[in-house]
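Reviewing the structure listed below.
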Amino acid sequence: MSEPSKVIHVRNVGPEISESDLLQLVQPFGVVTKLVMLRAKNQALLQMHDLASAVTALQYYASIQPNVRGRNVYMQFSSHQELTTMDQSSQGRRDQDSQPNRIILVTIHHMLYPITVEVLHQVFSSYGFVEKIVTFQKSAGFQALIQYQLPQNAIQARTALQGRNIYDGCCQLDIQFSNLNELQVNYNNERSRDFTNPSLPSEQKGRPSPSGYGDAGSLYALQAAGAGGVAFPQMGNAAAIAAAFSGGLPPGITGTNDRCTILVSNLNPDRIDEDKLFNLFSIYGNIVRIKLLRNKPDHALVQMGDGFQAELAVHFLKGAMLFGSRLEVNFSKHPSISAGPETREYAGSSLNRFNRNAVKNYRYCCAPTRMIHLSALPPEVTEEEIAAHLEEHGPVAGTKLFEVNGKKQALVLFDSEEQATEALVCKHASNLAGSTVRISFSQLQAI
């Protein structure tokens, strides 16, 4: 097998498969900077922006056969570490990095102020109609792919803006032509925008689900996913993982685990229940089912939405303190939890955090801390009311109430990680003045 490379070699690329088809196959894992179609050989070469994106894509397709337009395609690392002008011209295609194209790659140096899709649109739309923008953060810095309607618009923008600063003394523009023919934009949000299709969703949506923790409706969601499957979209999850961890996975996380079920032991049987376990484990992924083992009262099984989410939970919760006990958290030998009267269903729960804002939730994954973050608070809530709501779980060392987009949120600091964990486990999804409070761990060290 070839050593890892950011260039991916694709075989069995039939004449019915287009460049756009191949881009859709790998763009969830990162930005494609170059693409060469080898039509005479039914092959293609795709260069990802960095090695991590290529590795993530091939790890994903090692367990799932990629299929395009009914044809299986086969992917491996290329022997090329980089696609050069010679590589492309030898295949009868010019290197479009030096050739004008309607798509430009913009790198921003010395970025002292935030640059958003809106800022980029305001700067670049002066030179023609901007159809699409995709932004991403890489080792080279903040970058964006900008697609104009016409090549002459891109040429004019590059001529006028190359080396210029967006703001005085900072945010310098470095502009190159991309060799892509079309940008694939799936969502209209702060990271990407298709100005020709304003009806795109802002994020990957989970299946509609009734409110509350678990209910019979979740069984239908599981059945719809097929035997052994889960109702959480795998490609959508892969895209969220790639976006959240573009700089690399957290230390200790391999991203290769495929075991979804976790065995939790050394629980306090007098204080634990399924909903409390849900509140804790749902920080790291969607929950399918939970089962307390009646023959071992301090044991439970937790089935996560996929192997990556299960790996996050095992990694971050192993050894955590809860209700006076140090948790043992390991992968189970059982691939899934069978439905039955002793299991609690959660696949259809609206409280599963990763059905919405999956990228943000992945980024916030961490081990239990002394600080918790509260959101979905009532608009008139006070710091005193928040402290009173939580203080049964331990002395509140500090609170800070603030607003984000007009909505109240709070940080609450406890004396110990165990007290904060207990507060989260017991008070996530609790009612405070008519609002269902959402709680997660914060990585901030002080208020």
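Predicted model only: the values in this text are computed from it and were never measured.
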For residues 4-18, the salt bridge (Lys or Arg N to Asp or Glu O under 4.0 Å) pairs (sequence neighbours left out) are K6-E82, E16-R71
message: Counting neighbours of NZ on K407 that are heavy atoms of other residues, nucleotides or ligands and sit closer than 6.0 Å, is the number greater than 12?
response: no
Side chain to side chain contact (heavy atoms under 4.5 Å, CB included) filter on N361, not counting sequence neighbours, yields R353, F354, N357
Between L180 and V32, the two heavy atoms sitting closest are CD1-O, 3.0 Å
Do any N or O atoms from the side chain of S192 and from the backbone of N188 form a donor-acceptor pair under 3.5 angstrom?
no
For this session: Using atom types as modelled and distance alone, determine if a side-chain donor or acceptor of R326 lies under 3.5 Å from a backbone N or O of M321.
Result: no
- Item | Ring center gap for Y61 and F29 short of 6.0 angstrom | yes
Between I108 and I166 the two heavy atoms that sit nearest each other are CD1-CD1, 4.2 Å
inquiry  = Looking only at side-chain N and O atoms, does H80 offer a donor or acceptor that is under 3.5 Å from a partner on Q47?
reply    = no
Considering only heavy atoms from C-beta outward, does the side chain of E311 approach that of T254 to under 4.5 Å? yes
For S332, the side chain to side chain contact (heavy atoms under 4.5 Å, CB included) test, sequence neighbours excluded, returns T261, L263, L301, H334
Would you check if the side chain of N352 reaches a backbone N or O of N286 as a donor-acceptor pair within less than 3.5 Å? no
Please answer whether the main-chain N or O of V106 pairs with a side-chain N or O of Q143 as donor and acceptor at a distance below 3.5 Å. no
- Message: Does Q152, at its CD atom, have more than 12 non-hydrogen atoms belonging to other residues, nucleotides or ligands within less than 6.0 Å?
- Response: yes
Rounding to 0.5 Å, atoms CD (E190) and OG1 (T135) come to a distance of 8.0 Å
For V425 and N279 the tightest heavy-atom approach is O-ND2, 2.8 Å
Exercise for the section: Look at R370 together with E418 and state whether they make a salt bridge at an N to O cut-off of under 4.0 Å. Expected result: no
**Prompt:** Should we say atom CD of Q65 is surrounded by more than 12 heavy atoms from elsewhere, each under 6.0 Å from it?
**Reply:** yes
Practice prompt. Evaluate the side chain to side chain contact (heavy atoms under 4.5 Å, CB included) criterion for residues I8 and M48: first the C-alpha distance (whole Å), next the side-chain angles of each, then the deciding distance (0.1 Å), finally the verdict.
Written response: CA-CA 8 Å; I8 297 174; M48 306 300 289; 4.0 Å; yes
- Query: How about N101 and Y148: does a side-chain donor come under 3.5 Å of a side-chain acceptor?
  - Reply: no
Fill in: Distance-only polar pair, side chains of S430 and H389, donor-acceptor under 3.5 Å
yes
Note to self: With a 4.0 Å cut-off on N to O distance, would you call E383 and K400 a salt bridge?
What the structure shows: no
Of V381, L374, T382, the one forming a side chain to side chain contact (heavy atoms under 4.5 Å, CB included) with L401 is V381
In the structure I gave you, are the side-chain heavy atoms of L58 and M75 within less than 4.5 Å of one another anywhere? yes
What one should report as the nearest heavy-atom pair of K318 and V329 is NZ-O, 2.6 Å
Only residue of E118, E131, H121 satisfying side-chain hydrogen bond (donor to acceptor under 3.5 Å, both in side chains) with R193 is E118
Requested in this report: Report yes or no: is the cationic atom of R259 (NZ for Lys, CZ for Arg) under 6.0 Å from the centre of the six-membered ring of F331, at an angle within 45° of the ring normal?
Outcome: yes
For this session: Verify whether the ring centers belonging to H49 and F136 lie closer than 6.0 Å.
Result: yes
**OP:** Apply the test side chain to side chain contact (heavy atoms under 4.5 Å, CB included) to residues M37 and V13: give CA-CA distance (whole Å), side-chain angles for both, the deciding distance (0.1 Å), then the verdict.
**Re:** CA-CA 9 Å; M37 300 292 284; V13 179; 4.0 Å; yes
Note to self: Taking the side chain as everything from C-beta on, heavy atoms only, tell me whether H373 gets closer than 4.5 Å to F441.
What the structure shows: no
- Query: Are the side chains of H109 and D174 in touch, meaning some heavy atoms are under 4.5 Å apart?
  - Reply: yes
Inset, instruction - Please confirm whether the backbone N or O of S5 pairs with a side-chain atom of Q81, one donor and one acceptor, at under 3.5 Å? - result: no
**Asked** P100 versus I155: any side-chain heavy-atom pair under 4.5 Å?
**Response** yes
Next on the checklist: Between F308 and Y362, is the ring centroid distance below 6.0 Å?
Outcome noted: yes
Rounded to the nearest 0.5 angstrom, the OH-CD distance for Y127 and Q156 is 7.5 Å
